[in-house]
Amino acid sequence: MLTKRSMKILQQLLRDGEVTVERLAKRFKMSSATIRRELTNLERVGLLRRTHGGAIQVEPMLYEPFRYLDHFRDQEMFQAAEKRRIGLVAAEMIKDGEVVALGAGTTTTQVGRNIRHRKGITVVTNAINIAMELSHRPDLKIIVIGGVLESASFALSGPSGISAVGDMFYDKVFIGVDGIDPEYGLTTNHAEQAAVHRAMLRQSHRKIIVADHTKVGKICNSVITSIPNVDLIISDKKACLDLSAFSVTLVRA
């Protein structure tokens, strides 16, 4: 069981990607020795990796056959800090015991990485990489829908996946998009994934979009849904999006 002090340190690491003993000691008004002990304990349970003078996030599994495929890694690194913050804010909305759907994508991957400290959650996803990264968690139940694999994004799609999604209800769904426009709605460049994500949205009590500011104003070739059909959009502080005409909340991470 993590202490409140450990949780604060871990949240700072998840937000920044790396931390130093000096900055943590100053921020939380603790001694350097105390910070080092906390970092050592967190490393012992596999939640970070110690470095000289601080710590970094544990690298997600790269699944050896995909180690040298750059497309997904390039997408992860684009607006990486913003995606980490968005993922952290989104994950904090998840409560123990909930059933959560995560659509495929690099921002939703960050949501998945940040729910590692919640308990009793069922995660339903069409993303192979999210399922793999959470597979070692004995306190989480991971359900992967079926379908045809799109190797560049680790996403499963197709009729069998849509059917599987429709067999369940979710407390919350988190969907990533490629475009957000007040008139044309939420869009993507992946038509097959759009159909799966629409099914997830239909089955969810609370519908949440996670997307960095570069998606605002873009219109892609496949519509997922219109803005009034979601409850919340989580973006970063650079997002310039007027939602005053809709009953939708914009949260800036």
(request) Locate the shortest heavy-atom distance separating Ile162 from Ala199; write the atom from each residue and the value. (result) CG2-CB, 4.1 Å
(request) Could you tell me the separation between the OG atom of Ser226 and the CG atom of Leu186, rounded to the nearest 0.5 Å? (result) 7.5 Å
(message) Is any side-chain heavy atom of Ile227 closer than 4.5 Å to one of Ile180?
(response) yes
(message) For the backbone of His213 and the side chain of Asp236, can you confirm whether one donor and one acceptor N or O come within less than 3.5 Å of each other?
(response) yes
(message) Using every non-hydrogen atom in the two residues, find where Leu48 and Ala55 come nearest and quote the distance to one decimal.
(response) CD1-CB, 3.9 Å
(message) Looking at Asp178 and Thr187, would you say the former's side chain and the latter's main chain have a donor-acceptor pair under 3.5 Å?
(response) no
(message) Show the nearest heavy-atom pair for residues Met200 and Ile175, with the distance to one decimal.
(response) SD-CD1, 4.0 Å
(message) Set out, in order, the CA-CA distance, both residues' side-chain angles and the distance that settles side-chain contact (heavy atoms from CB on, under 4.5 Å) for Glu18 and Thr51, then state yes or no.
(response) CA-CA 9 Å; Glu18 61 179 333; Thr51 61; over 6 Å; no
(request) Calculate, to the nearest 0.5 Å, the distance between atoms CD and CE belonging to Glu38 and Met7 respectively. (result) 12.0 Å
(message) Within the structure provided, determine whether Gln110 and Ile86 are in side-chain contact (heavy-atom separation under 4.5 Å).
(response) no
(message) Once rounded to the nearest 0.5 Å, what's the spacing between atom OG of Ser32 and atom CG of Leu39?
(response) 10.5 Å
(message) Do Thr188 and Val177 have side chains that approach each other closer than 4.5 Å (heavy atoms only, starting at C-beta)?
(response) no
(request) Quick one: pull up CG in Leu42 and CZ in Arg5 and give me the separation to the nearest 0.5 Å. (result) 10.5 Å
(request) Quick one: closest heavy-atom pair of Leu156 and Gly146, and the distance? (result) CB-O, 3.8 Å
(message) So for atom CZ, which belongs to Phe28, do other residues, nucleotides or ligands contribute more than 12 heavy atoms lying within a distance under 6.0 Å?
(response) yes
(message) Is it the case that the side chain of Thr108 and the backbone of Gly176 share a donor-acceptor pair, with hydrogens and angles ignored and the cut-off at 3.5 Å?
(response) no
(request) Supply the atom-to-atom distance Ile115 CD1 to Leu140 CG, rounded to the nearest 0.5 angstrom. (result) 6.0 Å
(message) Counting C-beta onward and ignoring hydrogens, is there a side-chain heavy-atom pair between Arg84 and Gln57 closer than 4.5 Å?
(response) yes
(message) When you compare the side chain of Leu201 with that of Asn229, does any pair of heavy atoms fall below 4.5 Å?
(response) no
(request) Indicate, with yes or no, if Phe174 and Ile130 share a hydrophobic cluster defined by side-chain heavy-atom contacts under 4.5 Å among Ile, Leu, Val, Met, Phe, Trp and Tyr. (result) yes
(message) Would the distance check show the side chain of Glu43 and the main-chain N or O of Arg50 forming a donor-acceptor pair, the cut-off being under 3.5 Å?
(response) yes
(message) If we ignore hydrogens and angles and just use 3.5 Å, is the side chain of Glu192 paired with the main-chain N or O of Gly158 as donor and acceptor?
(response) no
(request) Kindly compute the distance separating OG (Ser222) from CZ (Arg198), expressed to the nearest 0.5 Å. (result) 8.0 Å
(message) Can a donor-acceptor pair be found, under 3.5 Å and without considering hydrogens, that links the side chain of Tyr170 to the backbone of Val165?
(response) yes
(request) Write down the atom of Arg36, the atom of Val21, and the distance for their closest heavy-atom approach. (result) CG-CG2, 4.0 Å
(message) Taking Asp231's backbone N and O only, do any of them form a donor-acceptor pair with Arg206's side chain (distance below 3.5 Å, no angle check)?
(response) no
(request) Would you check if Ile143 and Met168 make a side-chain contact, meaning some heavy-atom pair closer than 4.5 Å? (result) yes
(message) In this structure, would Leu149 and Ile142 fall into the same cluster of hydrophobic residues linked by side-chain contacts under 4.5 Å?
(response) yes
(request) State yes or no: do Leu250 and Val173 share one hydrophobic cluster built from I, L, V, M, F, W and Y residues joined by side-chain heavy-atom distances below 4.5 Å, directly or via other members? (result) yes
(message) Minimum heavy-atom separation for Glu82 and Lys238, please, with both atom names.
(response) OE2-NZ, 4.1 Å
(request) Please answer whether the main-chain N or O of Thr34 pairs with a side-chain N or O of Ser31 as donor and acceptor at a distance below 3.5 Å. (result) yes
(message) For residues Val111 and Val100: do they belong to one hydrophobic cluster (side chain heavy atoms under 4.5 Å, members Ile, Leu, Val, Met, Phe, Trp, Tyr)?
(response) yes
(request) Decide whether Thr109 and Asn129 meet the rule of one side-chain donor and one side-chain acceptor closer than 3.5 Å. (result) yes
(message) Is the shortest side-chain heavy-atom distance between Ile209 and Ser235 below 4.5 Å?
(response) no
(message) According to a hydrophobic-cluster definition based on side-chain heavy atoms being under 4.5 Å apart (Ile, Leu, Val, Met, Phe, Trp, Tyr only), do Ile224 and Ile233 belong together?
(response) yes
(request) Step through the shown structure and confirm whether more than 12 heavy atoms of other residues, nucleotides or ligands are within 6.0 Å of CD on Glu92. (result) yes
(message) Looking at Glu22, I want to see if its CD is surrounded by more than 12 non-hydrogen atoms of other residues, nucleotides or ligands under 6.0 Å.
(response) no
(message) We want to know whether Ser157 and Gln193 form a side-chain donor-acceptor pair, criterion being a heavy-atom distance below 3.5 angstrom.
(response) no
(message) Donor-acceptor check, side chain of Asp16 to backbone of Val19, threshold 3.5 angstrom: yes or no?
(response) no
(request) Under the side chain to side chain donor-acceptor pair (under 3.5 Å) rule, what do Thr40 and Arg37 come out as? Steps first, then yes or no, please. (result) CA-CA 5 Å; Thr40 298; Arg37 282 197 301 272; over 6 Å; no
(request) Measure from the side-chain N and O atoms of Ser163 to the backbone N and O of Pro159, and report whether any donor-acceptor pair falls under 3.5 Å. (result) no
